[in-house]
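Working notes for the structure below.
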Amino acid sequence: MRRRKTAIFFLVLGIALSAIAIALNVGWILLNLREVALLVLGMIFFALIITGLILNTIFLLREIRRNEQHDAFLNAVTHELKTPIASIKLYLDTLRSREVDETKRRKFYDVMSADSDRLLNTVEQVLLASRSKEARRTMNIAEVRLGDVLRDAAAIVSARYHLDTGAIRIVETGDLRMLGDAEELQTVFVNLFDNAVKYSEVEKRISVRAKPSATGRKIDVILRDSGIGIPSGDVKRIFKRFYRVSGPASKKVKGTGLGLFIVKSIVEKHGGKIRAESKGEGRGTTFIIQLPRI
Ligand code: ADP
């Protein structure tokens, strides 16, 4: 009877200890599971928060840069509008308040006319940039001879900067015709020639080569200048709206950062592509444009 009691006692003790051991074990597993789950959750949240912070910082930096570009653009546009207006006003005041001889007066008229052109050009650039995202319907499509567009654009820019004949050299191979808006295509090349002159310090030498592409279905235009060049980090960015290279040589030249944005929009509207290449600062720039051919 005693032995039975003792046996029961040890049995109960055994069961109780086993129960406690199992409870402890399960509890330990459960507790650890919670910790592991908490750890995993914590890691996920941490990763989410870090990602959020990184995205936020990138977004903020981008906004700050955009704001700076907008400010620079506003300054540039204001300058571009103010300078010719101030100049025209000065000449008008002089003409009104003083007797000016005939040759001088003619010269004044020429300067005022050039200033009005500059003013019109800036206003047109701003208008074009805000319109350039519009669909094709604004285009006046017709068959265009690219050689004629290149020569007209070269003549406009040569007159604008009083360049020697031969400063812009055009070599055209084959019959290069395409469907497009002649006026818009002229805007493309006037902008590119204008930049090539503006961003060349002493020697203003521009060469343009237009030829059928290897497959013959496209037109390749290669426009080379021997100017200040573009740092490699900027060759892609220069096509963005308001973007201007911030190097000392580029800073000396006034501009709005809209020209190449307009150029790229027009080229793409025509189903073409454009990119820039430069061996670096002071080593010239090459623009490679590909347009569809008919
Ligand atoms: P803008 O000339 O009014 O500043 P663009 O959009 O025409 O604006 O050009 C953007 C930038 O690209 C310019 O500020 C200049 O730094 C650079 N760039 C454009 N064309 C040339 C070039 N031919 N040679 C060197 N830099 C150039």
Side-chain angles (χ1 to χ4, degrees), residues 65-66 68-84 117-133 150 153-154 156-158 160-161 163 167-170 184-209 221-269 274-289:
R65 201 155 62 187
R66 203 168 291 171
E68 281 172 0
Q69 279 170 7
H70 281 199
D71 282 351
F73 164 74
L74 272 184
N75 279 338
V77 167
T78 315
H79 178 273
E80 284 295 298
L81 295 179
K82 218 175 126 187
T83 316
D117 283 346
R118 185 171 160 194
L119 207 57
L120 212 66
N121 198 30
T122 309
V123 174
E124 240 157 41
Q125 290 264 56
V126 176
L127 279 178
L128 265 177
S130 64
R131 252 197 340 218
S132 60
K133 286 280 179 223
L150 288 172
I156 292 171
V157 176
S158 295
R160 190 179 286 171
Y161 293 100
L163 298 180
I168 304 179
R169 213 160 50 88
I170 301 170
E184 292 208 338
L185 288 169
Q186 195 183 74
T187 304
V188 167
F189 292 103
V190 166
N191 265 303
L192 291 173
F193 292 153
D194 191 281
N195 275 350
V197 176
K198 268 196 326 187
Y199 297 104
S200 293
E201 283 179 320
V202 221
E203 200 182 14
K204 306 204 186 290
R205 200 157 39 82
I206 300 148
S207 83
V208 190
R209 215 147 50 91
V221 185
I222 299 149
L223 203 149
R224 197 166 278 145
D225 68 52
S226 46
I228 61 168
I230 300 172
S232 57
D234 285 315
V235 284
K236 286 218 173 94
R237 296 202 189 128
I238 51 170
F239 296 100
K240 284 190 185 160
R241 190 153 51 166
F242 308 135
Y243 192 85
R244 306 201 67 225
V245 176
S246 58
S250 321
K251 275 237 166 99
K252 272 193 254 164
V253 182
K254 296 278 171 250
T256 55
L258 290 178
L260 288 181
F261 169 75
I262 294 168
V263 165
K264 191 172 185 196
S265 312
I266 296 176
V267 168
E268 285 179 351
K269 263 204 303 193
I274 180 166
R275 68 190 161 87
E277 275 177 11
S278 175
K279 291 210 176 84
E281 284 167 87
R283 302 180 65 185
T285 307
T286 305
F287 284 91
I288 298 129
I289 305 120

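We count ligands from 1, going down the list as the structure has it; atoms in each ligand are counted the same way.
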### Message
Check this for me: does any side-chain nitrogen of one of Arg160 and Asp194 sit under 4.0 Å from a carboxylate oxygen of the other?
### Response
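Here Arg160 pairs with Asp194 in a salt bridge, since their nearest N and O are under 4.0 Å apart.
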### Cationic N near anionic O, under 4.0 Å, Arg118 to Glu80
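Result for this pair is yes, salt bridge flagged.
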### Query
Which protein residues have a heavy atom closer than 4.0 Å to any atom of ligand 1, listed by chain and number?
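The 4.0 Å shell around ligand 1 contains Asn195, Ala196, Lys198, Tyr199, Asp225, Ile228, Gly229, Ile230, Ile238, Tyr243, Arg244, Val245, Ser250, Gly255, Thr256, Gly257, Leu258, Gly259, Leu260, Thr285, Phe287.
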### Message
Could you work out, with ring pair (Phe, Tyr, Trp, His ring centres under 6.0 Å) as the rule, every residue matching Tyr243, not counting sequence neighbours?
### Response
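Tyr243: no ring pair (Phe, Tyr, Trp, His ring centres under 6.0 Å) contacts found.
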### Query
Under a 4.5 Å cut-off applied to non-hydrogen side-chain atoms, are Glu277 and Thr285 in contact?
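Side-chain contact under 4.5 Å: no.
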### Query
So, does Lys252 use its side chain to make a donor-acceptor pair with the main chain of Pro248 at under 3.5 Å?
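It does not hold such a pair.
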### Task
Hey, can you tell me if Phe242 and His70 have their rings parallel, tilted or perpendicular (30° and 60° cut-offs)?
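Rings of Phe242 and His70: perpendicular, as their planes differ by over 60°.
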